[in-house]
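Beneath this line is the structure, given in structure tokens, with notes to follow.
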Amino acid sequence: MVGRIPVMDVSPVVDLGRLPAKATVGEPFPVTATVFREGHDRLGAEVVLVDPSGGRRAPVRMVEDADTPNLYSAWVTPDAPGAWGFEVVAWSDPLATWEHAAGLKIPAGVDVELMFTEGRLLLERVAADLGATGGTAEEQAVVASGIEACTDTTRPVEARLAALQDPALVGVMTAHPLRELVTTAGPFRAYADRPRALYGSWYEFFPRSEGAYVDEATGKVVSGTFRTAVAGLDRAKDMGFDVVYLPPIHPIGEVNRKGPNNTLTPGPDDPGSPWAIGSKDGGHDAIHPDLGDEADFEAFVAHATGLGLEVALDLALQAAPDHPWVTAHPEWFTTRADGTIAFAENPPKKYQDIYPVNFDNDPTGICREVLRIVRLWISRGVRIFRVDNPHTKPVAFWEWLLGEVRRTDPDVLFLAEAFTKPAMMHGLGAIGFQQSYTYFTWRTAKWEIEEYLRELSSETDHLMRPNFFVNTPDILHASLQYGGPPAFKIRAVLASMSAPSWGVYSGYELYEHVAVKPGSEEYLDTEKFQVRVRDWDAAAAEGRTLAPYITRLNDVRRRHPALQLLRNLRLHHADDDHTLVFSKSHGDDQVIVVLNLDPHATRETTVHLDMPALGMDWHDGFTVTDEITGESYGWGERNYVRLDPHHEPAHVLVVRRTP
């Protein structure tokens, strides 16, 4: 039933409370509710967090929205991982009711002494509560002075009322309210993951390309190994990344193997796609023999750990035609009318080298096998999985799998690679995926970027956490194909400064930008089907690398807590349609980003800041220092900017308050 003080439309609530809302250790999240009552008496509301051990935290007072009547909100912060709860507690507030009435009646000469008497009785209750709960001596003295003002008839009425409206007394009454008709809504569920679920810089590379070389005697490409791939770890560390993501490292099928650029005519030395998992050498629990063995992989993970990096492994639940599953469990796949097993298709794309798993024929057996595989790689040091195409598997399966892993290994994280319809993306996040790929790659115009940033930071934040990858082995957006080096800078700034998690697929720092054909987002000579030999040292020596710029961005992210959060993004206005402005704040740390989205032309415009969003008045002045160039400027509500993409497309400005 509705409580004595109705509390409705509580947020965040996922699936009517069946699933927990997204939370992260150390990240504030907003709780909102519609709270109202009959008549004209005032009310109060607060949020109480319940930690994973059942302990109740100190209440946080909710504030009524200035524009929406009866909408109350408060920000709360979990400080430990695990299953949290929160309650919205509402009450009739006799102190606020009296304060409002006294402010109207006493100046009008209505019931003057009666109002003072009622005030005295209420303040005496506050004094008693302070005595019982250990209120400070200062608080008790402030209340005592209020009681004296209520009873001292020798003072002018105006002076007595002024004493009762003193901010110090109002502050004590707000901090120590008298609660009547208390109503509790909840508890509602939230789950706090470890900070890496929210914040991190990801670097993707293929181990077989790291240390690969062309044998001069034979002209053949020699694959890299886990031992040579430690160079990729060192490079990622030098650029300031936190997570290294590896595509599948398992044996690659030989049946229907693809050749370069996804052709159906591979040569005898073509390595095939790592996503065509399984061969005579094993399946998802095995390591490709060209890369090394289990000891080599564990040494690779140990080296990463020593550098402060986490290794994320691809979890692709599919099989090559010669995967051991196909022989041992043909029922795990879909058999067509002609008796053949259906291969994967995403029209017009065809993947003849991959058999999708059919989860409906033997769900128990499939679930048992996948859980075994995940726990095997967890035992080998993997605590993050990037899940390939989770939207092509049953959502109920993922809810079960992620729940089982969370039960025994709650620090293990799963990233959903699901470029699909919003309902599926949100659903995967809601049932447990800690991170999600997004539509970021295809948002390039100012209006759609603003719309998407607003959505991700304040509308779907309780369902999914975004990871902004600027490119992937599958996605080379037209903006990078034709925008030149400025486009690479622009997208890197946008991803790294607006989202707490962002990612780069190797080759981005070398400005790799040639598509297989016009209108395609596939790389020419894509690394998915062949080993890529890169000369990183020559690129650095010749200045053909974005690595120093990426390093700078990751350094800025690491030094500014505001950039490590999601829900604190606020949009500002620029007169130019190609200049994006947003800020992120956390305590005293404030960063303003002004970005020219046009890689081809210099943009000049006036930036209009939302000063209340920065905690300032419209007339305040302050100093900003650009983290990219080191230059400082005096700023205010309106500011002229000029950004040349061929020199520097962005200001990343740290706010320094002017005394």
Side-chain angles (χ1 to χ4, degrees), residues 12-15 18-25 27 29 81-84 189-200 202 204 242-243 245-248 310-318 357 359 366-367 370-371 373-375 377-378 382-441 455-457 459-469 472 499-503 566-567:
V13 175
V14 179
D15 195 21
R18 187 183 72 84
L19 298 170
K22 284 279 188 290
T24 312
V25 174
E27 182 199 25
F29 70 90
W84 286 73
R189 301 174 62 196
Y191 193 93
D193 290 299
R194 63 185 176 105
R196 182 63 70 226
L198 175 69
Y199 164 71
W202 290 51
E204 176 183 2
D242 309 296
V243 179
Y245 154 51
L246 308 180
E310 294 196 55
V311 174
L313 187 62
D314 200 283
L315 179 63
L317 300 184
Q318 57 208 31
V357 174
F359 283 77
I366 294 172
C367 288
V370 174
L371 182 59
I373 289 168
V374 169
R375 285 184 169 155
W377 289 104
I378 290 174
V382 176
R383 314 304 290 184
I384 304 177
F385 293 90
R386 179 269 197 190
V387 178
D388 188 69
N389 285 334
H391 55 290
T392 61
K393 288 81 179 173
V395 176
F397 161 74
W398 292 120
E399 183 177 13
W400 172 83
L401 177 68
L402 272 58
E404 285 295 301
V405 173
R406 174 175 280 177
R407 183 174 56 83
T408 57
D409 298 273
D411 64 315
V412 172
L413 308 177
F414 291 83
L415 166 63
E417 185 251 4
F419 300 113
T420 185
K421 295 179 180 179
M424 176 61 80
M425 294 174 68
H426 297 164
L428 291 169
I431 57 88
F433 276 92
Q434 285 83 6
Q435 283 194 13
S436 304
Y437 277 18
T438 70
Y439 305 132
F440 166 78
T441 311
E455 174 187 323
L456 293 174
S457 64
E459 297 173 13
T460 62
D461 52 293
H462 62 302
L463 296 173
M464 57 180 278
R465 299 185 189 92
N467 192 322
F468 282 1
F469 262 77
T472 78
S501 285
W502 79 301
L566 171 65
R567 295 171 164 118

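For the single chain, residues carry numbers from 1 onward in sequence order.
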Over all atoms of both residues, closest heavy-atom pair of [X] and [Y]:
{"X": "Ala21", "Y": "Val14", "answer": "CA-CG2, 3.8 Å"}
{"X": "Tyr191", "Y": "Pro20", "answer": "N-CB, 3.7 Å"}
{"X": "Phe468", "Y": "Pro466", "answer": "CE1-CB, 3.9 Å"}
{"X": "Leu19", "Y": "Glu399", "answer": "CD2-OE2, 3.5 Å"}
{"X": "Pro500", "Y": "Tyr199", "answer": "O-CD1, 3.2 Å"}
{"X": "His462", "Y": "Glu459", "answer": "CE1-O, 3.3 Å"}

**Asked** Between Glu27 and Arg567, is the closest basic N to carboxylate O distance under 4.0 Å?
**Response** yes
**Prompt:** In terms of side-chain geometry, is the basic nitrogen of Arg406 or Asp193 positioned less than 4.0 Å from the acidic oxygen of its partner?
**Reply:** yes
Pairs of donor and acceptor atoms involving the side chains of residues 415-434, under 3.5 Å and at least two apart or interchain, shall be tabulated with distances.
{"from": "Glu417", "atom 1": "OE1", "to": "Asn389", "atom 2": "N", "distance (Å)": "2.8"}
{"from": "Glu417", "atom 1": "OE2", "to": "Arg386", "atom 2": "NH2", "distance (Å)": "3.3"}
{"from": "His426", "atom 1": "ND1", "to": "Pro422", "atom 2": "O", "distance (Å)": "3.4"}
{"from": "Gln434", "atom 1": "OE1", "to": "Phe414", "atom 2": "N", "distance (Å)": "2.8"}

To the nearest 0.5 Å, what is the distance between [atom1] on [X] and [atom2] on [Y]?
{"X": "Ile366", "Y": "Leu371", "atom1": "CD1", "atom2": "CG", "result": "13.5 Å"}
{"X": "Asp411", "Y": "Arg383", "atom1": "CG", "atom2": "CZ", "result": "4.0 Å"}
{"X": "Ile384", "Y": "Asp242", "atom1": "CD1", "atom2": "CG", "result": "9.0 Å"}
{"X": "Asp409", "Y": "Ile378", "atom1": "CG", "atom2": "CD1", "result": "4.5 Å"}
{"X": "Phe440", "Y": "Leu456", "atom1": "CZ", "atom2": "CG", "result": "10.5 Å"}
{"X": "Trp502", "Y": "Trp202", "atom1": "CH2", "atom2": "CH2", "result": "14.0 Å"}

**Prompt:** Is it true that a side-chain atom of Trp377 and a backbone atom of Leu313 form a donor plus acceptor pair closer than 3.5 Å?
**Reply:** no
**Prompt:** Please walk me through it: do Thr438 and Asn467 pass side chain to side chain contact (heavy atoms under 4.5 Å, CB included)?
**Reply:** CA-CA 7 Å; Thr438 70; Asn467 192 322; over 6 Å; no
**Request:** Output, in order, the C-alpha distance, side-chain angles, deciding distance and verdict of side chain to side chain contact (heavy atoms under 4.5 Å, CB included) for Val357 and Phe397.
**Result:** CA-CA 12 Å; Val357 174; Phe397 161 74; over 6 Å; no
**Item:** Residue from Val412, Leu413, Asp314 passing side chain to side chain contact (heavy atoms under 4.5 Å, CB included) with Phe385
**Value:** Val412
**Residue pair Arg375 / Thr408, side-chain heavy-atom distance below 4.5 Å** = yes
**side-chain hydrogen bond (donor to acceptor under 3.5 Å, both in side chains) partner of Ser501, the single match among Arg465, Gln435, Arg196** = Gln435
**Request:** For side chain to side chain contact (heavy atoms under 4.5 Å, CB included), just list the numbers for Thr472 and Thr441, CA-CA rounded to whole Å, side-chain angles, deciding distance to a tenth of an Å, and then say yes or no.
**Result:** CA-CA 9 Å; Thr472 78; Thr441 311; 5.7 Å; no
**Request:** Output, in order, the C-alpha distance, side-chain angles, deciding distance and verdict of side chain to side chain contact (heavy atoms under 4.5 Å, CB included) for Leu317 and Asp388.
**Result:** CA-CA 7 Å; Leu317 300 184; Asp388 188 69; over 6 Å; no
